[in-house]
Peer 1: 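Below is one structure. I have some questions about it.
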Protein chains: 2
Amino acid sequence: MAARKAVEKELSREMIIDVAHDLFVEDGYQHTSMRKIAKVLGYSHGAIYYHFKNKAELFYAMVEQDFAMINAEIDQLMKLDIEREQKLEELLLGFIRFGLTYPNHYEIMFLTKDKDLQYYATNAPDQSYHNFATTIATLTDHQLEVKKIWSIFLMLHGFVAHYCRTGYSFDDLQSAVQTHVQLIMNILKD
Amino acid sequence: MAARKAVEKELSREMIIDVAHDLFVEDGYQHTSMRKIAKVLGYSHGAIYYHFKNKAELFYAMVEQDFAMINAEIDQLMKLDIEREQKLEELLLGFIRFGLTYPNHYEIMFLTKDKDLQYYATNAPDQSYHNFATTIATLTDHQLEVKKIWSIFLMLHGFVAHYCRTGYSFDDLQSAVQTHVQLIMNILKD
DNA sequence: TCTAGAATTGACCAGTGGTAAATTAATAAG
DNA sequence: CTTATTAATTTACCACTGGTCAATTCTAGA
């Protein structure tokens with residue numbers, strides 16, 4: 001009944017993630033089906049379920065990679081030889097840039113309500129936040145209350161969460177980003 | 001083939017909205033099916049499509065009612081005989097309270113990416129924001145740039161957008177709300 | 001009483017995520 | 001070179017979804 005692929009290259013998690021990445025970014029989580037991913041790959045949808053337990057796990061595996069990026073970016077930023085205040089500003093800008101560059105990832109990781117997704121998608125955002133928070137604490141000499149850091153995170157989050165849906169790029173929003181980041185910087189100066 | 005309902009009460013948009021309301025609030029948009037709504041009503045799912053073009057339109061009709069509430073609340077607030085600063089604070093608190101009280105509505109209206117939903121869900125949030133913005137402008141004697149008002153809105157939005165998903169109530173979050181609103185109030189004082 | 005039209009049903013469609021048995025291909029052992 | 005084992009893949013299937021539409025039933029008006 002079956003007619004297995006003529007070898008050449010076996011299906012791998014990486015191959016699936018690559019294709020899924022494009023589709024998820026293009027169409028979002030809900031509008032990307034396992035069958036479509038399989039079709040693009042030239043395999044049947046059942047094959048994907050051999051490599052991933054379900055759709056949520058596939059998505060999570062994919063998005064985890066991209067979240068590693070934002071952490072790497074923060075680390076790199078901290079090494080730069082610039083003033084403290086400038087580092088802070090770059091940190092805020094970097095967060096927004098990340099969110100607008102990967103709106104679909106950001107959406108799923110930080111603002112989905114879907115239960116099966118949330119089951120998988122908790123580690124990565126928590127880690128990213130932790131990294132963000134400790135960096136801010138360091139850059140402000142631990143003078144800033146933890147609660148306030150959290151509020152500042154939510155302020156950034158609000159910006160990204162909104163513009164995520166609109167399709168605007170980071171560059172399109174220069175002016176709005178400026179205003180937003182400036183207001184937050186003022187808070188940090190007190 | 002068919003066996004139409006024995007009259008008594010004909011199905012109406014109001015009846016559908018009432019039932020849909022409970023289910024949407026309980027399970028969210030994605031996990032509420034037209035068939036389930038129909039089942040609770042005791043009708044077939046086809047009947048709903050006679051009264052509403054599709055799922056998105058039904059949801060929008062429902063959620064529009066609730067958004068009228070937040071506008072009414074703002075109007076009422078403005079009539080109170082309290083100090084300006086206190087009004088401002090109450091406005092910020094009111095927005096957050098609304099979002100946490102109706103998390104599913106808030107989610108759909110302010111942070112869904114679903115295309116068919118967004119087609120319907122644009123008026124209500126825009127109106128609510130407009131009302132919010134002009135109220136802030138009034139309460140600050142129009143000394144605040146429009147851009148900054150928008151940023152402040154996004155800061156509130158960030159708070160609600162995050163906690164929307166968690167199931168915490170407004171009262172649960174007293175402390176976090178306080179911090180957040182205080183930080184924003186500081187911006188408004190400059 | 002007859003009829004036009006409004007309201008309702010249910011079969012149907014194409015699609016979904018997910019499962020599992022059957023099948024194939026590669027591999028290791030003899 | 002066979003043969004048994006096992007890993008990888010297909011495919012039929014399940015229960016579900018949003019949505020359409022012809023057939024039906026009921027109601028109201030003449």
Side-chain angles (χ1 to χ4, degrees), chain A residues 1-17 19-20 23-24 26-63 108 112-121, chain B residues 1-17 19-20 23-24 26-63 108 112-121:
Chain A
M1 212 170 258
R4 195 179 153 168
K5 269 281 127 39
V7 105
E8 284 187 22
K9 262 230 164 143
E10 235 171 38
L11 195 54
S12 69
R13 284 173 70 97
E14 276 68 30
M15 287 167 60
I16 298 173
I17 288 177
V19 168
L23 294 176
F24 276 130
E26 186 68 28
D27 304 328
Y29 183 77
Q30 289 292 346
H31 292 95
T32 301
S33 72
M34 297 296 260
R35 280 167 167 83
K36 191 169 182 188
I37 296 170
K39 197 172 191 177
V40 173
L41 282 162
Y43 284 76
S44 68
H45 73 280
I48 298 183
Y49 284 95
Y50 180 79
H51 296 276
F52 294 94
K53 206 175 125 204
N54 53 35
K55 188 180 176 183
E57 201 208 287
L58 163 57
F59 188 89
Y60 180 60
M62 177 200 98
V63 97
I108 300 296
T112 193
K113 230 187 153 179
D114 209 293
K115 273 168 195 165
D116 44 333
L117 258 180
Q118 260 184 303
Y119 175 79
Y120 291 97
Chain B
M1 212 172 257
R4 196 180 155 169
K5 270 280 126 40
V7 105
E8 285 186 24
K9 258 215 169 157
E10 235 171 36
L11 195 54
S12 69
R13 284 173 71 99
E14 276 69 30
M15 288 166 61
I16 298 173
I17 287 178
V19 168
L23 294 176
F24 277 130
E26 186 68 28
D27 304 328
Y29 183 77
Q30 289 291 346
H31 292 96
T32 301
S33 71
M34 297 295 259
R35 279 168 168 83
K36 193 169 181 188
I37 296 170
K39 197 172 189 177
V40 173
L41 283 162
Y43 284 76
S44 70
H45 71 282
I48 298 183
Y49 284 95
Y50 180 79
H51 296 276
F52 294 94
K53 203 175 127 205
N54 52 36
K55 189 180 176 182
E57 201 208 287
L58 162 58
F59 188 89
Y60 180 60
M62 176 201 99
V63 97
I108 300 296
T112 193
K113 230 187 154 179
D114 209 293
K115 275 168 195 164
D116 43 335
L117 258 182
Q118 261 184 303
Y119 175 78
Y120 291 98

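By convention in this document, chain letters (A, B, ...) are assigned in the order of the sequence lines, proteins followed by strands, and residues within each chain are numbered from 1.
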Peer 1: Taking atom C1' of C:dG15 as reference, at what distance in whole Å does atom CG of A:Asp27 sit?
Peer 2: 15 Å
Peer 1: Between the side-chain atoms of B:His45 and the base atoms of C:dG10, is any donor-acceptor pair under 3.5 Å?
Peer 2: no
Peer 1: More 5' along DNA chain C: B:Ala47 or A:Lys36, using each one's nearest nucleotide?
Peer 2: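 The residue mapped nearer the 5' terminus is B:Ala47.
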Peer 1: Using the test side-chain contact (heavy atoms from CB on, under 4.5 Å), find all partners of B:Arg13 that sit at least two apart in sequence or belong to another chain.
Peer 2: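 Partners of B:Arg13 under the side-chain contact (heavy atoms from CB on, under 4.5 Å) test: B:His51, B:Phe52, B:Glu57, B:Ala61.
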Peer 1: To the nearest Å, give me how far apart CG (B:Leu11) and P (C:dT8) are.
Peer 2: 5 Å
Peer 1: Where do A:Glu10 and A:Met15 come nearest, in terms of heavy atoms and distance?
Peer 2: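 It is O-SD, 3.3 Å.
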Peer 1: Any side-chain N or O of A:Tyr50 below 4.0 angstrom from OP1/OP2 of D:dA8?
Peer 2: yes
Peer 1: Rounded to the nearest 0.5 Å, how far apart are CD1 of B:Ile16 and CG of B:Leu41?
Peer 2: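 Here the rounded value is 6.5 Å.
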Peer 1: Of the listed nucleotides (C:dG18, D:dT9, C:dA7), which one gets closest to any side-chain atom of B:Glu10?
Peer 2: C:dA7
Peer 1: Between P on C:dC12 and OH on B:Tyr49, what's the gap in Å once rounded to a whole number?
Peer 2: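 Nearest whole value for this atom pair: 18 Å.
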Peer 1: Can you measure A:His31 atom NE2 to D:dT17 atom P for me and round it to whole angstrom units?
Peer 2: 16 Å
Peer 1: For B:Lys39, which residues count as a salt bridge (Lys or Arg N to Asp or Glu O under 4.0 Å) partner, sequence neighbours excluded?
Peer 2: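 So B:Lys39 forms no salt bridge (Lys or Arg N to Asp or Glu O under 4.0 Å) with any residue.
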Peer 1: Tell me: CG of A:Asn54 to P of C:dT16, nearest whole Å?
Peer 2: 16 Å
Peer 1: Counting only distance, no hydrogens or angles, is the base of C:dG17 paired donor-acceptor with the side chain of A:Arg35 under 3.5 Å?
Peer 2: yes
Peer 1: Send over the distance from A:His51 NE2 to D:dA7 C1', rounded to a whole Å.
Peer 2: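 About 10 Å, once rounded to whole Å.
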Peer 1: Between C:dT16 and A:Ser33, is there an OP1 or OP2 to side-chain N/O distance shorter than 4.0 Å?
Peer 2: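 Answer is yes, contact under 4.0 Å.
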Peer 1: In this structure, how many angstroms lie between the P atom of D:dT11 and the CE atom of A:Met34, rounded?
Peer 2: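 A:Met34 atom CE is separated from D:dT11 atom P by 18 Å.
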Peer 1: Expressed in angstrom and rounded to an integer, what is the separation of A:Ile48 atom CD1 from D:dA8 atom C1'?
Peer 2: 14 Å
Peer 1: Find out whether the Lys NZ or Arg CZ of B:Lys55 is both under 6.0 angstrom from the six-membered ring centre of B:Phe24 and within 45° of the ring's axis.
Peer 2: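 No, B:Lys55 does not sit over the ring of B:Phe24.
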Peer 1: Counting the atoms with a prime plus P, OP1 and OP2 as sugar-phosphate, which does B:Thr32 contact under 4.0 Å by heavy atoms, base, sugar-phosphate, or nothing?
Peer 2: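 Contact class for B:Thr32: sugar-phosphate only.
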